[in-house]
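Just so you know, ligand 1 is whichever comes first in the structure, and atom 1 is the first atom listed for that ligand. As a basis for the values below, the full set of heavy atoms in this structure was taken, side chains included, without hydrogen atoms, waters or symmetry mates. Just so you know, these numbers come straight off a predicted model, no measurement behind them. Index from 1, following the sequence.
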Amino acid sequence: MPGIRAFAHALPKVELHVHLVGSASLPTVLELARRRPSAGVPTDARELAEFFTFRDFAHFLTGYLAVTSLVRDRHDIHTLVAGLAADLAAQNCRYAEVTVTPYNHLLDGMPGDELLSGLETGRARAAELGVELAWCFDIPGEKGAKAGQETLVFALRERPEGLVSFGLGGPELGVGRARFEPFFTRAREAGLHSVPHAGETTGPATIWSALHDLGAERIGHGTSCAGDPALLEHLAAHRIPLEVCPTSNVRTGQVPSIAAHPVRRMLDHGVVVTLNTDDPPMFGATLTGEYVAVAEALGLSALELVRLAENAVDASFLDERRKALLRSEITQITLPDPGNFA
Ligand code: HPA
Ligand code: ZN
């Protein structure tokens, strides 16, 4: 299907689900690993590729936390943010909501001020590159209520420029969403949007819980909703967007292939689907690549790709003025004749 990649590349895009540590480029991970070989992250490119070949979600998370432990100070945070911004700019991605997990960095000994300083200077660099960044501070669920409390306190006390949402990541199995209800309630009362991961590695009950207990306004992944017709209907009727990360789901073994991904079922039921990368270099993903992969697997037209890009604008926490600007940028893109790639 010629033209699909060029079209997906040129399409002005928005990324709503990407983890800061998981966005580190392979050269950056190697550089950090060489500085601290005892952390167990390979210092050789071939070995790193092997390290990033995941048996399952738990294996992925172990690798992810090992990379997290390499990040020590404001300079490292700046390097990650600026690197992500450059990668996004090169793909015509104009705006991203980036998940940061302060509790993990604080636990690893990074002072809060270092984290905030790196985020601030990195965000300024992103603006120079034409990419607006917003932050989601998320709770690493495996670390329990203490992580919930400390993430909440840090978010509300510091309230850095660009902080828009409050999340919950990590494993879902044995880590019920409802346990984090008090922290989400307070974060929402303070004006932060609720965007927990749910239904990535467990069933639809977790998504229902994210909606009912955490007031989720968007769902991180939501993959398993496809098995629950009432949930599909609820998500569509209430226009609760899903932050779908197809390649991530394949690489952590949640779905066998993009073609088998329930994204088709979500779209068929009128659910608001957005495409995202999660942890791009760890999964060999790019935002443009997600659009291409889904278009190829589902046989989408150019217009349907445009709709997906528009969904991400609509589902973002940008203000209406910025949304309108981005929508008009998307509208100006020339559709390939005769309107599809087939
Ligand atoms: N799910 C949960 N936690 C995570 C993820 C994810 O996809 N990526 C990084 N932390
Ligand atoms: Zn994620």
Quick check against the 3.5 Å criterion: does Thr62 have a side-chain atom that pairs as donor or acceptor with the backbone of Ala58?
yes

For the Zn ion (ligand 2), which protein N/O/S atoms are closer than 2.8 Å?
His17 NE2, His19 NE2, His197 NE2, Asp278 OD1

Hey, does the side chain of Asn249 reach the backbone of Val255 with a donor-acceptor pair shorter than 3.5 angstrom?
no

Donor-acceptor side-chain pairing of Trp208 and Asp213 below 3.5 angstrom:
no

Those residues that, when tested against Arg72, pass salt bridge (Lys or Arg N to Asp or Glu O under 4.0 Å) (two or more places apart):
none

Side chain to side chain contact (heavy atoms under 4.5 Å, CB included) test vs Val292 passes for just one of Leu287, Ile4, Thr286, Ile258, namely Ile4

Mind checking what residues have non-hydrogen atoms under 4.0 angstrom from ligand 1?
His19, Phe57, Phe60, Tyr64, Gly169, Gly170, His197, Glu200, His221, Asp278, Asp279

Under 3.5 Å donor-acceptor, Glu97 side chain and His17 backbone:
no

Which residues share a side chain to side chain contact (heavy atoms under 4.5 Å, CB included) with Ala89, sequence neighbours left out:
Leu129, Val131

Does the separation of the ring centres of Phe283 and Phe60 fall below 6.0 angstrom?
yes

Please confirm whether the ring centroid of Phe137 lies under 6.0 Å from the ring centroid of Phe166.
no

